[in-house]
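Accompanying notes for the structure given below.
Protein chains get the first letters and strands the later ones, always in sequence-line order, with residue 1 at the start of each.
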Amino acid sequence: MKYDFKAIEKKWQDIWDEKKIFAASNDYSKPKFYPLVEFPYPSAQGLHVGHPRPYTAMDIVARKRRMQGYNVLLPMGWDAFGLPTENYAIKMGIHPAVVTRENIEKFRAQIKALGLNFDWGREVDTTDPAYYKWTQWIFLQLFKKGLAYKKEMAVNWCTSCKVVLANEEVVGGVCERCSGEVVRKVKSQWMLGITQYAQRLIDDLDGVDYVERVKTQQINWIGRSEGANADFGTTEGDVITVFTTRPDTLFGATYMVLAPEHPLLEKWAGKLTNAAEIKAYQDAAARKSDFERTEVAKDKTGVCLDGVTAINPVTEKEIPIYISDYVLASYGTGAIMAVPGHDSRDWEFARKFGLPIIEVVSGGDIEKEAFVDIETGTMVNSGFLDGLSVAEAKKQISAWLEDNDKGKSTVSYKLRDWVFSRQRYWGEPIPIIHCEKCGFVPLDESELPLMLPEVQSYQTTDDGQSPLSALTDWVNVPCPVCGAPAKRETDTMPQWAGSSWYFLRYCDPDNSDEIASKEALEYWMPVDWYNGGMEHTTLHLLYSRFWHKFLFDIGVVSTKEPYSRRTSHGMILGEDGVKMSKSRGNVVNPDEVVRQYGADTLRLYEMFIGDFEKAATWSGASIRGCERFLARVWGLADIVSGAGGLSPGLEGKFHKTIKKVTEDIESLKFNTAIAALMTLINDIYEKKSITKGELRIFLLLLCPFTPHIAEEIWERMGPGGMAALQSWPGFDEEKCKDDTVEIALQISGKIRARIDVPTDADREAVIALAKSAPEIAGAIDGKNIVKEIFVPGKLVNIVVS
RNA sequence: GCCGCAGUGGCGGAAUUGGCAGACGCCCAGGACUUAAAAUCCUGUGAUGGCAACAUCGUACCGGUUCGAUCCCGGUUUGCGGCACCA
């Protein structure tokens, strides 16, 4: 009988669909398991082979857990607002909603063709008004709690297209589309106060099971640092507050540096005799991104303020003030005290501008480089701090600053508030009305969803406003409070909005009265296992944790954290070893692989390709190994003999394989689980027969990985029911052990021989056996034995001198 | 530049609380089957030397700790992800 994967896969996909085999049950008495994959952005290109990797992985986990008796919710949806669809719409003149609908259809069909067991009854779409009603609702709650506010922020502005650009659309400082000049334009933007949750976002990582690199990256991104604010006087009487992590070096502060955007510069405009030079520098800085500005490799630049100087609060000496683009307005207070002796950026800057470098911590050579060690140095040239350690000096100077009312200890975070406005069409409208008299007025909740209106053009207006601002009928409304003429907010939300809470909606996707019912949230949340790409660690993952914490605070959800466990998959690279992209022409389309080899082979290959957590290179040739394996699986039906259970020759191997597959699935080691199944099938073929009982177990182990072929053979061999709904096979720990084990015999760390010893033999017995082995006996004869090392089941090492 | 991760045969990868490096698969070579080819099956396959048993070397590079290092420490280097309006 030929293995006709096309017919088999179609047959089972139809059965799963029609019978809704994988729909989560609303029986809240059963133990639940809620695994989650990141819902895709439905792009026009369709799926590429990178998508199925995490999907198949969680599908395998879900199928296995279902067989272990859990009520499983494995949902899928669409993160469908966003820039590429909007740009496509502008180019083709098609409504983004139409494009989105088509793309979703395509994605859904492709995903179904892979035999993934998503619960299609719970699909969500962030662009559906029934969904974004609740995205808007959450925004209103944030606004009411003061966590959404407006602030002047810079946006990228293409001077030629006259359009606001995303950072991604700015390539090398020019517009990606027209190569026109890009400048930073200041605009009033909605912001979300994620920084107020900074400490909790760090602290609560202790209570969740995230892979270490994700935790570390989030902690570093939030970037907590302890230090002090210090107030420097100026000859103008104004105070410049700086944040420093090294208040101990205050005596060594020989100049100050302000960010080019610092507000005091405008105030002092009249006093500065080199105003033109300053203006030119500010303009140049405005064209650079923060990323370009902080690159240390480049030469330090800056301008000294002529006409205003600062006063070091502890030495009371006058020191010059510079502006330089290596100081960012967005971090700390936008101003620093420069201590060139003990900060390498300040050191470079001081060298270039011929500024004095004073040593205040001894231990290095400040003629050669800044001395930044905080463990070993001793304070010098620092008045009352002299002779102290850095740590002690920090304490004393902080106390001095507070006592003299010149600053205080403080904590600063690198995390910045979230810029939440987009001057774009294809996003959720922000449900706020601006009234001259009443300020920003939230739309009444009864008016949600605030529908995204139809427009003529999806392009940003000539003055950088959202396309919605052209709709005067829509924009001009009476103020809900005082009735005076007022205007709607015309910016839309970023794509991150809809994806910050979608996992809640899956719990109860059709609810029109709430985000989801209390009972559904109580039962399903938190997500038990969320797998996604490392590239989402610092934005989506952090944003959604922030929203969830906010929803916890206002009593909508009852868990502090949305996800119990977070794992991360590696990317699938093209055959040339680099990221797949249309421009490189190395994209592999899963449809073609499915057509040629079948979904089961694709699934198996994607899981076998390598370490799930690392990037892997696609290989058209290697798929053949998985194809051969499935052909051998299909062939098992031909060598069935005997109905019974495990045969003597294979019993131990079956127990070991069950154990290996059971454990490896939970620890994301799909590749070695498959290798174990391959080893087992090799053993079966060597024996040339398999009992019905053995085949049954083999199929159950295989079922999560390659469900179609497993179901088909299961059905043909006739035990009845579906493989996917059987119980997961168990194993006996005792039967996983062999009677004897091969150990290595070493002399002073060099392997000299290998022998078999009883698995349960003790140290003395094994060492005696080792010494009697001819290679060892000869080597230790007449030598002085210094040490005997025994590692059970591994080796004996006899150290001689 | 900053933060995070990684570097193992011709290739994808396995093995780490420090204990036999290279499981499993691909490619390749030889053999079986076939008129022949494909498919399939069997055998071999890190490098060097040797008829062989075997020996020596070998986990990016340099150094350290240890009876023993792919694993721990210090340094270097290369590649990948992120850097806040791509998703």
Between B:A6 (P) and A:Glu613 (CD): distance, integer Å: 10 Å

B:A69 versus B:G18 - spacing of their P atoms, nearest Å: 14 Å

Nearest-Å distance for atom pair CG/C1', residues A:Leu415 and B:C3: 14 Å

Separation of B:C85 P from A:Leu83 CG (nearest whole Å): 12 Å

Name the nucleic acid region contacted by A:Val155, choosing base, sugar-phosphate or nothing; use a 4.0 angstrom heavy-atom cut-off, strictly under. base

If I pick the P atom on B:A23 and the same atom on B:A15, what distance separates them, to the nearest angstrom? 12 Å

Using a 4.0 Å heavy-atom cut-off, does A:Ile751 contact any base of the nucleic acid, only the sugar-phosphate backbone, or nothing at all? sugar-phosphate

Does A:Asn671 place a side-chain N or O at less than 4.0 Å from the phosphate oxygens OP1/OP2 of B:C24? no

Could you tell me the Watson-Crick or G-U partner of B:G1, where both distances fall under 3.5 Å? Say none if there is no partner. B:C83

Across every strand shown, the nucleotide meeting Watson-Crick or G-U wobble geometry with B:U16 (both distances under 3.5 Å) is none

Watson-Crick or G-U wobble mate for B:C26, both contacts under 3.5 Å: B:G10

If only side-chain N and O atoms of A:Lys2 are considered, is one of them under 4.0 Å from the OP1 or OP2 phosphate oxygen of B:A39? no

Whole-Å gap separating C1' (B:G13) and CZ (A:Phe670): 16 Å

Classify the side chain of A:Gln189 versus the base of B:C85 as yes if they form a donor-acceptor pair under 3.5 Å and no if they do not. yes

Nearest whole Å is fine: how far is B:C20 C1' from A:Ile798 CD1? 16 Å

Distance check: side-chain N/O of A:Arg752 vs OP1/OP2 of B:C20, anything under 4.0 Å? no

Please determine, for B:G63, whether a Watson-Crick or G-U wobble partner exists with both distances under 3.5 Å, and give it or none. B:C73

Whole-angstrom distance between B:G44 and B:A52, as gauged at atom P: 16 Å

So what does A:Ser421 hit on the nucleic acid, given a heavy-atom distance under 4.0 Å: a base, only sugar-phosphate, or nothing? base

Compute the ring centroids of A:Trp501 and A:Tyr131, then answer whether they are less than 6.0 Å apart. yes

For A:Arg53 and B:G13, what is the distance between atoms CZ and C1' respectively, to the nearest whole Å? 11 Å

A:His540 near the nucleic acid: base, sugar-phosphate alone, or nothing, with a heavy-atom cut-off under 4.0 Å? nothing

Kindly say if A:Arg632 contacts the phosphate of B:C41, meaning a side-chain N or O under 4.0 Å from OP1 or OP2. yes

Please find out if less than 6.0 Å separates the ring center of A:Tyr530 from that of A:Phe503. no

According to the Watson-Crick and G-U wobble definitions, with both distances under 3.5 Å, which nucleotide is paired to B:A32? B:U40

For B:C20, does either OP1 or OP2 sit under 4.0 Å from a side-chain N or O belonging to A:Arg754? no

Same-atom distance (C1') from B:G25 to B:G63, integer angstrom: 37 Å

Does any N or O in the side chain of A:Ser421 come within less than 3.5 Å of the main-chain N or O of A:Trp190, such that one atom is a donor and the other an acceptor? yes

Does a side-chain heavy-atom distance below 4.5 Å link A:Pro84 with A:Tyr41? yes

Which part of the nucleic acid does A:Glu742 contact within heavy-atom distance under 4.0 Å: base, sugar-phosphate only, or nothing? base

Euclidean distance for C1', B:U70 against B:U17 (whole angstrom): 16 Å

Assign A:Glu775 to base, sugar-phosphate, or nothing according to its heavy-atom contacts below 4.0 angstrom with the strands shown. nothing

Measure from OH on A:Tyr3 to P on B:A39 and round the result to the nearest Å. 18 Å

What nucleic acid atoms does A:Ser619 come within less than 4.0 Å of, heavy atoms only: base, sugar-phosphate, or nothing? nothing

Do any N or O atoms from the side chain of A:Ser568 and from the backbone of A:Met534 form a donor-acceptor pair under 3.5 angstrom? yes

Is there a side-chain contact between A:Arg424 and the phosphate of B:C85, meaning an N or O under 4.0 Å from OP1 or OP2? no

For A:Tyr197 together with A:Trp547, are the ring centres under 6.0 Å from each other? no

Residue-phosphate contact under 4.0 Å: A:Lys669 side-chain N/O, B:G13 OP1/OP2: no

From NZ of A:Lys794 across to C1' of B:G18 the rounded distance in Å is 11 Å

Pairwise side-chain contact, A:Phe243 with A:Ser225, heavy-atom cut-off 4.5 Å (strictly under): yes

Integer angstrom distance from the P of B:A60 to that of B:U66: 23 Å

At under 4.0 Å between heavy atoms, what does A:Phe608 touch on the DNA or RNA strands: base, sugar-phosphate, or nothing? base

Sorted by position of nearest nucleotide on RNA chain B, 5' first, the leading residue of A:Ala616 and A:Gly749 is A:Ala616

Expected output: side-chain A:Glu38 to main-chain A:Gly533 donor-acceptor under 3.5 Å: yes

Pairing partner (Watson-Crick or G-U wobble, both distances under 3.5 angstrom) of B:A21: none

Pairing check on B:A47: which nucleotide meets the Watson-Crick or G-U wobble criteria with it, both distances under 3.5 Å? B:U56

Phosphate OP1/OP2 of B:G25: any A:Asn682 side-chain N/O under 4.0 Å: yes

Could you measure between the two C1' atoms, the one in B:A47 and the one in B:U59, and give it in whole Å? 14 Å

Whichever of A:Ile609 and A:Lys660 has its nearest RNA chain B nucleotide further upstream toward 5': A:Ile609

In this structure, OH of A:Tyr55 is separated from CZ of A:Phe39 (nearest 0.5 Å) by 10.0 Å

